[in-house]
Each structure stands twice: as structure tokens, then as C-alpha cells.
2 protein chains.
Amino acid sequence: METTRQAERQRSAAERRRRELLEAADRVVLRDGPKASMNAIAAEAGITKPILYRHFGDKGGLYRALAKRHTDSLLSALRAALDAPAQRRERVEATLDTYLAAIEARPQVYRFLMHPSDDAAPAPEQGFDVGRHSAPLLRRLGEELGKVIAERVDLGPGNEQMARIWGHGIVGMMHAAGDWWLSDRPCSRAQLVRSLADLLWGRLAEAGDRPGGPGF
Amino acid sequence: METTRQAERQRSAAERRRRELLEAADRVVLRDGPKASMNAIAAEAGITKPILYRHFGDKGGLYRALAKRHTDSLLSALRAALDAPAQRRERVEATLDTYLAAIEARPQVYRFLMHPSDDAAPAPEQGFDVGRHSAPLLRRLGEELGKVIAERVDLGPGNEQMARIWGHGIVGMMHAAGDWWLSDRPCSRAQLVRSLADLLWGRLAEAGDRPGGPGF
DNA sequence: AACGTACGTTACTTGCGGTAACTACAGTCT
DNA sequence: AGACTGTAGTTACCGCAAGTAACGTACGTT
């Protein structure tokens, strides 16, 4: 009975298929933005809907698989920027710039990841489950950055907790500023990067009140 | 011909009706979260769908009207915190705390505002329209905070531009950290507020590298 | 009395997520 | 060889929500 070798072959074939499907989905998302429908994706892959559902369960599953690919890729780029041999501030700037360059290069994918039209919340749960399914990309980035900060920066007591908070906060800052910048393009990328780094570097605390104003 | 007085009466009646509809929508959103359907909202208001469409055009219109109400209310609370007679840091902490208390008190509304299941993007525009319809609440908060910073803080040349960037960045930080905190509840609200204020106050720049690590 | 207009309804279309039931073909067991 | 099992694939359907068309009705204007 050669079941094991056979099973192995079939499993790897299934994985190849899965990658093909993901690439097709990617193309459609690139083309249609976040309104990409399961039908359209299946058509692009040359098959029909039920197969997608066999592979990914539901739309949320396909979304998660797609998101994981892009998030992994983005995350490795960010890690590289964060690990470059340079001063802390330069590395922070490089990381911001890497993120912004990425969302600038593939806005459709970015939009799909950030604003999934729907998520997997079939139960009309009435409780406080807010955000459980919300943008996993941001969550993951925040969590990862929190870890990095916790292991590299000395924040004294309560280190880990504060590092997580900062991770999510910094990622959120980057995201919101990037989202706004991408749609309005009010300045160059470099300028945006510099301003955000300045913010993180405490210029808000150092800046004086404006003459005549009530202060801030 | 008494058309003007008549028209006036009818207009004000329509506005009253509109407010009633918005309040009904509010109740449904409170109850059902972001999955509230137009049918459900109409039923709650004691009427049927087409009337909603006559008043608000489409779901996006209803969403915008609802969002405006809550955003206005939140914004005035935030302004109050920002205008209190105290030192800058205390005011920033009060503002953060006000925001977090608001999302903590009404998570369903918050979720509806932040994660609208869909928006009004009928055109299959393929260009770079990313984020044009994305979370208006955050945009508006960022824009307002940017104005406040620009008029109160002295940032030297490029004041206005940098103030806008900071406005969106700070709002994004607050939002992402709040979203994460609301779902995981890893610490008290006060602690979160303190940590975020510390971040804004430049503790990232001041902190030393951790012993043994590659620095940050 | 006839008319326009705003309010309201029922009943429909369209489109999407998701599923059930069936077909075709590979390799395996007796 | 021929029955057995499982997997990729199909068509055809369900349920549901957004949005619309056509129709009815009350009321102030002329």
C-alpha cells in the first residue's frame, strides 16, 4: 500500500494549486481593487467558485491567505530596514520610508488589505468583540514592532507592556499618515518621513507655544 | 400664494423626520453592529426601505449622515479636553482619555464608523483613488487636530504642512492603539494614556539601547 | 372639483456569498 | 479485470441585502 507517497504527491500538488489560485486572486485584486468578487477571482483562475471555497473555506479565508502573503513580504522588508547598520533615527526613517514606498507602489493591494469589504463574523454577536477581525495587517505589524521594541529598547519597568502599546501606536501613526498622504499627496515621501520621525523624536514636547495662542 | 410658508413648514417637518430616522438607525447600529441592514433600520423606524433611500440617497448617504452626528459629538468633546486650562501634556492626556472613553462606552458605534462594510464606489476606477472614501472619521479628526496644532504650536518654517502630518499621525496612533486595546484589554485606560503620551513626549528618542541587543 | 406633491407601500431586479448534487477521472484493493 | 475511494471540477440553486419601479393616498393650492 503506497498511500503515504501518493498522499504526499497529492498534497504538494494541492499546495501548488493553492499558490496558483492565490496568484490569480492577486491579479484580480490588483485590477479590480477591493470589490473583487469570488466569481471574478475564480474566472481569472480559469475555474469556478466552489473550488475556491474548497481551498479557502470562505471569502475570509481567501482574504487571510492573501493578506498573509503580502504581510509576510512587507514585514520582511520592514525588518531589513529596521536591522540595517545605522543609528536608531536613520533606521526608523528607513522603515517608515519602506512602508510608504510599498503602499505607494501597490495601492490597490494596500486598499484591499486595509479595507476588507467584509470579514468572517457570521454570528450576530452582540458583545464587545470590537475589532477582533479588524485589519489583521495593522495588528500584526503592531505586534511585531512591539516585540522588536521590547527586545531592543530599554524602557525600564513595565517594559514589555509599554513596548506593545508603542508598537501599535507607531504603526497606527504610520498607517493613518500614509493613508492620508496617499490620497492627497500633499508633499514628497521624504518630507513625510522626516516629519513623522520628528514627531517620534519628541519635537512636540520641545516646541514652544505660538505667540498669541492659548498654548497647546 | 402661500408657497414659501408652506414650503418652510414642510422642510422643517422633513428635517424632523430625518432626525427621527437617524435616531432609529442609531439604535439599530447599537444593537446589530456594522451588519445593520437597510431593512432592519427601516423596520426600526416603523417604515420601509424606499423612504430611507428618499432621505439619504444610498447606504453611503445614511452612513455619512450618521457618521457626521457622532463625529461632531466626539469632536466637540475632544475640543473641550484640548481647550481645558492646563499644561500641554495634561491636555494631551485628557484628549487621549476622552477618545478612549468614548470608544469604550459605545464600541458598536465605533465599529460601525471605523469599519463601514462598504462605501459608494460604483465606478470601476482603476487609478490611484485609494482611500478617497476611507474612514471619514479618522480623516476629519486628523484634519482638525492638524489645524489645532498649526494654530497653537510653533514649529518654525513649514509649520502648516508638518502640523497636518502630525495631526493625522497622532490621530492614527490614538486610533490603532485604541482599537487594539479595546479588543485585548491588556491594561487600564490610564496606563494606555500615559504610555501614548510618553511616546509623544519623546521617550523613544531618550531611551537607551538594551544591553546585549543590536540597538534600535 | 381638479391638481401637484410629498409620504408611504408592495413587489421586483440584480448581484454576491455560499452550498448541494452531480460528473469525470486518477490510483488502489481484491 | 473490475469494484472502490477520493479528489478536482461542473451546473444549478438558496438566501440575503442593496437599490428601484410602479402604484396608492392624504392634503394644501388654484
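Every chain is numbered from 1 and lettered A, B, ... according to where its sequence line falls, protein lines coming before strand lines.
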Between H175(A) and Y99(A), is the side-chain contact (heavy atoms from CB on, under 4.5 Å) condition met? List the steps. CA-CA 9 Å; H175(A) 161 244; Y99(A) 173 83; 3.9 Å; yes
Between W166(A) (side chain) and S195(B) (backbone), is there a donor-acceptor pair under 3.5 Å? yes
Between dT7(D) atom P and R16(A) atom CZ, what is the distance in whole Å? 16 Å
Below 4.5 Å, heavy atoms only, C-beta onward: do L62(B) and M38(B) meet side chain to side chain? yes
Let me know the distance between CZ of R18(B) and P of dC7(C), rounded to the nearest Å. 13 Å
Between H70(B) (side chain only) and L66(B) (backbone N and O only), is there a donor and an acceptor less than 3.5 Å apart? yes
Does this structure show an ion pair linking D72(A) with R79(A), if we count only N-O contacts that are shorter than 4.0 Å? no
OP1 or OP2 of dT9(C) under 4.0 Å from side-chain N/O of T48(B): yes
When rounded to whole Å, the CD1 to C1' distance for the pair I41(B) and dA18(D) reads 12 Å
Rounding to a whole Å, what distance do you find between K35(A):NZ and dG15(C):P? 13 Å
Can you list, by residue number, the residues of residues 19-26 of chain B that have a non-hydrogen atom closer than 4.0 angstrom to DNA chain D? none
With salt bridge (Lys or Arg N to Asp or Glu O under 4.0 Å) as the test, pick out the partner of D97(A) among R189(A), R194(A), R91(A). R189(A)
Which one, dG9(D), dT9(C), dA17(D), comes nearest to the side chain of I47(B)? dT9(C)
Could you check E15(B) against R18(B) for salt bridge (charged side-chain N to carboxylate O under 4.0 Å, His left out), going step by step and ending with a plain yes or no? CA-CA 5 Å; E15(B) 279 175 12; R18(B) 190 185 159 94; over 6 Å; no
If I take atom CG in residue L52(B) and atom C1' in nucleotide dT9(C), what distance separates them, rounded to the nearest angstrom? 14 Å
Spacing between D32(B) atom CG and dA17(D) atom C1', to the nearest angstrom: 14 Å
Just N and O in the side chain of R54(B): are any of them under 4.0 Å from OP1 or OP2 of dT9(C)? no
Yes or no on side-chain contact (heavy atoms from CB on, under 4.5 Å) for I149(B) and I170(B), after CA distance, side-chain angles and deciding distance? CA-CA 11 Å; I149(B) 293 177; I170(B) 293 173; 4.1 Å; yes
Only counting residues at least two apart or in another chain, list the ones meeting side-chain hydrogen bond (donor to acceptor under 3.5 Å, both in side chains) with E143(B). R164(B), H168(B)
Sort me out a list of protein N/O and nucleotides 18-20 of chain C N/O pairs below 3.5 Å, or just none if empty.
unit_1: dG18(C); atom_1: OP2; unit_2: Y53(A); atom_2: OH; d: 3.3
unit_1: dG18(C); atom_1: OP2; unit_2: K59(A); atom_2: N; d: 2.8
unit_1: dG18(C); atom_1: N7; unit_2: K49(A); atom_2: NZ; d: 2.9
unit_1: dG18(C); atom_1: O6; unit_2: K49(A); atom_2: NZ; d: 2.6

Given atom CD of E15(B) and atom C1' of dA6(C), what is their separation to the nearest angstrom? 15 Å
